[in-house]
Amino acid sequence: QVRIMESGGDLVQPGGSLRLSCAASGRTFSSYAMGWFRQAPGKEREFVAAINRSGSRLFYADSVKGRFTISTDNAKNTVLLQMNSLKPEDTAVYYCAQYSQFTYTGGDYDARKSRVGSWGQGTQVTVSS
């Protein structure tokens, strides 16, 4: 049974930065692609970023490209999300995900063919002055 736990959520001013961390245990960490999703109040959960199991391919939602960076530390079984230039619209609960099926086609993340096997409980990020 995999356990996933996020940390690092906080209240930050617009233009500020946060780094989210996700610790995963119970499975060989480097055998799975990992990702971050978020859900704002009244909205559906949406994809934010993902990294393949080798760490060689990174994928981002258009809304966060150039501002967010996903990375992994396989020695520590953690995945990080560095968030810079935060905007009020980034306010959401952020969820870490371990994929059971991860597909990308022509260099693009394929959400229709990818499946998340395990979710964390989420961490709140609030961007407000």
D110 vs Y104, side chain to side chain contact (heavy atoms under 4.5 Å, CB included): CA-CA, chis, key distance, verdict: CA-CA 5 Å; D110 192 332; Y104 49 94; 5.6 Å; no
Residues, nucleotides or ligands: over 12 heavy atoms within 6.0 Å of R57 CZ: yes
Residue pair I4 / Q98, side-chain heavy-atom distance below 4.5 Å: yes
Shortest non-hydrogen contact between A92 and A40, atoms and distance: CB-N, 3.8 Å
From Y94 atom OH to T123 atom OG1, the distance as rounded to the nearest 0.5 Å: 10.5 Å
Full working for ring pair (Phe, Tyr, Trp, His ring centres under 6.0 Å) between F68 and Y60: CA-CA 8 Å; F68 291 11; Y60 298 95; 8.2 Å; no
Side-chain heavy-atom pair C22, M5 within 4.5 angstrom cut-off: no
Beyond-backbone contact of L20 with L80, side-chain heavy atoms, under 4.5 angstrom: no
Whether F37 and W119 hold their rings parallel, tilted or perpendicular, with breakpoints at 30° and 60°: perpendicular
Test item: side-chain donor near acceptor, Y32 and R53, under 3.5 Å: no
Gap separating the CZ atom of R38 from the CD atom of Q124, nearest 0.5 angstrom: 12.0 Å
Side-chain touch R19/M83, heavy atoms, less than 4.5 angstrom: no
Side-chain H-bond candidate by donor/acceptor type, S128 with T126, under 3.5 Å: no
Within 6.0 Å of CD in Q121, more than 12 heavy atoms from elsewhere: no
Reported CD1-to-CG distance for the pair I51 and L58, which is rounded to 0.5 angstrom: 5.0 Å
Pair D90 + K87: basic N to acidic O under 4.0 Å: no
N84-S17 side chain donor-acceptor pair, cut-off 3.5 Å: yes
Student check: side-chain heavy atoms of E6 and S21 closer than 4.5 Å: no
For the student: nearest non-hydrogen atoms of N77 and N74, plus distance: OD1-O, 3.0 Å
R115 charged N/C atom sitting above Y99 aromatic ring, 6.0 Å / 45°: no
Heavy-atom pair of closest approach, residues V79 and W36: O-CZ2, 3.7 Å
S114 and Q101, any side-chain heavy atoms less than 4.5 Å apart: no
Path from Y95 to F47 over hydrophobic side-chain contacts below 4.5 Å: yes
Check: T72 and T78 side chains under 4.5 Å, non-hydrogen atoms: no
Nearest-0.5 Å distance, CG of residue N52 to OG1 of residue T103: 11.5 Å
Trace of the ring pair (Phe, Tyr, Trp, His ring centres under 6.0 Å) decision for F102 with F59: CA-CA 11 Å; F102 187 71; F59 303 88; 5.7 Å; yes
The single option from L18, T91, V64 passing side chain to side chain contact (heavy atoms under 4.5 Å, CB included) against L86: L18
